[in-house]
Amino acid sequence: MSAPALNVTVPALGTARRVRKLATLDRTLDSGLHLLVVRKPGVPLVEVRLRMPFLSARAGHAARATLLSDAVLTGTAGHDRAGLAAAVQRLGGDIGFGVDADRLQLSGNVLATNLRGFLDVVAEVLTGATYPNREVLAERERLIERLTIARSRAGVVAAEALAHRMWGDHPYALDLPEADDVQAVTAAQVRRLHGDLARPGNATLVIVGDVSAARTADLVAKTLAGWTGTAATARVPALPTVESGPLLLVDRPGSVQSSLRLGTSALRRDDEGYPALQLANLIFGGYFSSRWTENIREDKGYTYGPHSGLDHHSLGSTLQLQADVATEVTGPAMLETYYELGRLASLAPSDDEIESARQYAIGTLALSTATQSGLASTLASLAGVGLGPDWLAEHPRRLAKVTRDEIAAAGAEFFAPTRFATVVVGDSDAVRAPLAALTPVE
């Protein structure tokens, strides 16, 4: 006997709450360091993010920068690797470094009562990281192993191929360093890179937590007084214009899946048209209730999780689509992708689609900044393009004002299928013919 059907009524979406203005202190120190302190009580922790511009077009920069981020905590004049880790743990904290084409970032947290001690450790690393030869060589071998494993994955191969397709020889095209470049890096080169680029001039330090903003600013100025200098000038070309061209098929013989990646240039977050583009992207493929997901996941069953997203970098923003599908449905999945792109580019979405996407965008922004950690990371990211807490406060209102016509215009401008550079990684013998029936393939 089957269970009786449930009559469930989904409540209407409510009105988004007004965003409270953050209590912040925004100051540039004598060293050139931009300091942003946000008081956010609730838990006795402090989140710390230090963002240093690290973009360079020099040959081998990606390899040296990645190795620097891996090895920066391996020793100082006062501590070896284990000593540094123990010093942070005694404070009830955590610390780590990460790097990408735009920045080197320190991320950490500590008990609010131990912020002074944590900043002492940070200052020690910034001014006295030694990069011992033995430790750098060990990290170099680990990095090469990680790169080998990463490039065995179809998704990584596809992402790299798309980046090269979009950006050519620009530094943004090199998301992961080449193993041969890493093998050639010496500890002396890493030390030199640290001295050239790990400087307070043009860097941003974000501190969020249960602290007094004024006292924290004074503490930072005193603790980091010995960290001085401005990073060496980075001569980096502007981003090239993305050219769509024929679909690039990267052969992966015998693969049971195909990785689909599409990309094009997009609007920066400070552009007045960005809120409309953000909502258009959500409607297309940016969340679970999107058109693309409904089509190739829910209706056709071609993939588990297609996704489109807006990625933001210092030099520009991109709109990227990704999906992994079974080899035998590669052609049909690409056909439906082109169909959904064309539909959004030519037909305005419904009012219900717009309101659902609008509430999702406003709600997820609130959730992502509700915690100290999320707020600190978001502010550090915004700082990379010259935005700050005011953008966070105003963006929900901008989203609320976007009209149907503005979203339709964004769809027409950014979602035309011919606008995208396209890469497919899969078994060429099995997928070339179905793809060639849809679009030129190389």
Side-chain angles (χ1 to χ4, degrees), residues 15-29 32-40 46-53 55 100-103 105-107 202-209 211 213 216-217 239 265-282 286-287 308-320 354 357-403 406-407 409-410 413-414:
T15 303
R17 289 190 235 172
R18 187 178 182 85
V19 178
R20 292 183 181 178
K21 188 170 183 179
L22 297 171
T24 64
L25 180 149
D26 193 327
R27 179 183 300 176
T28 299
L29 305 183
L33 176 66
H34 175 212
L35 175 63
L36 182 62
V37 184
V38 180
R39 174 167 169 76
K40 190 175 179 63
V46 178
E47 291 286 341
V48 178
R49 303 290 184 272
L50 174 60
R51 180 189 177 103
M52 293 164 275
L55 178 58
D100 60 21
D102 285 324
R103 89 293 184 268
Q105 181 163 299
L106 177 155
S107 299
N202 299 321
T204 298
L205 176 62
V206 177
I207 297 178
V208 177
V211 294
T216 299
L239 283 176
S265 56
L267 299 176
R268 296 166 61 98
R269 281 174 290 197
D270 56 356
D271 192 288
E272 64 178 12
Y274 174 72
L277 176 59
Q278 183 184 0
L279 295 184
N281 170 66
L282 286 171
Y287 73 135
S308 66
L310 294 160
D311 294 327
H312 303 287
H313 304 280
S314 295
L315 299 181
S317 300
T318 61
L319 169 61
Q320 297 198 21
I354 292 171
R358 194 193 315 270
Q359 293 293 336
Y360 180 85
I362 294 172
T364 53
L365 179 62
L367 285 174
S368 69
T369 57
T371 65
Q372 294 172 338
S373 176
L375 179 58
S377 295
T378 300
L379 289 173
S381 176
L382 291 172
V385 291
L387 301 176
D390 288 345
W391 186 91
L392 280 180
E394 294 297 327
H395 192 57
R397 287 192 278 275
R398 288 190 289 269
L399 288 168
K401 294 178 181 178
V402 174
T403 67
E406 289 170 336
I407 296 173
E413 181 177 356
F414 292 96

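Quick note: numbers below take in every heavy atom, side chains included, and nothing from hydrogens, waters or symmetry partners. What you see is a predicted model, and the numbers here were worked out from it, not measured in a lab.
- Between L315 and L55, the closest side-chain pair of non-hydrogen atoms falls below 4.5 Å.
- Between the CD1 atom in I207 and the CG atom in L35 there is a gap of 5.5 Å [rounded to 0.5 Å].
- The side-chain heavy atoms of I354 and V402, taken from C-beta on, include no pair separated by under 4.5 Å.
- Here the straight-line distance linking atom NE2 of H313 with atom OG of S381 works out to 10.0 Å at 0.5 Å rounding.
- Residue pairs that meet the side-chain hydrogen bond (donor to acceptor under 3.5 Å, both in side chains) test with at least one member in residues 270-281, sequence neighbours left out, are Y274-H312, Q278-H395, N281-S308.
- Scanning for salt bridge (charged side-chain N to carboxylate O under 4.0 Å, His left out) contacts around E394 gives R397, with sequence neighbours left out.
- Here R27 pairs with D218 under the salt bridge (charged side-chain N to carboxylate O under 4.0 Å, His left out) rule; sequence neighbours left out.
- Side-chain N/O atoms of R51 and S107 include no donor and acceptor closer than 3.5 Å.
- Summarising the geometry of S373 relative to R49, their closest heavy-atom pair is OG-NH2, 3.2 Å, with the distance given to 0.1 Å.
- Panel note: side chain K40, backbone A23; no donor-acceptor pair is recorded below 3.5 Å.
- Residues D26 and H34 have side chains that bring a donor and an acceptor to within less than 3.5 angstrom of each other.
- Closest non-hydrogen pair, R268 versus S314, comes out as NH1-O, 2.9 Å.
- Contact check for L392 versus L365: side-chain heavy atoms found under the 4.5 Å cut-off.
- Atom CG of L282 is separated from atom CG of L277 by 9.5 Å, given to the nearest 0.5 angstrom.
- Looking at heavy atoms from C-beta onward, P396 lies out of side-chain contact with R358 at the 4.5 angstrom threshold.
- Taking every heavy atom of both residues into account, L382 and G388 meet most closely at CD1-O, 3.9 Å.
- For A203 against P53, the heavy-atom pair with the smallest separation is CA-CD, 4.0 Å.
- Taking CG of L319 as the start and CZ of F414 as the end, the distance is 8.5 Å to the nearest 0.5 Å.
- The line from OG1 of T204 to CG of L379 is 10.5 Å long, rounded to the nearest 0.5 Å.
- When all heavy atoms of D102 and D100 are compared, the closest pair comes out as N-OD1, 2.8 Å.
- Taking every heavy atom of both residues into account, S368 and T378 meet most closely at O-OG1, 4.3 Å.
- How far CZ of R398 is from CD1 of I362: 11.5 Å, rounded to the nearest 0.5 Å.
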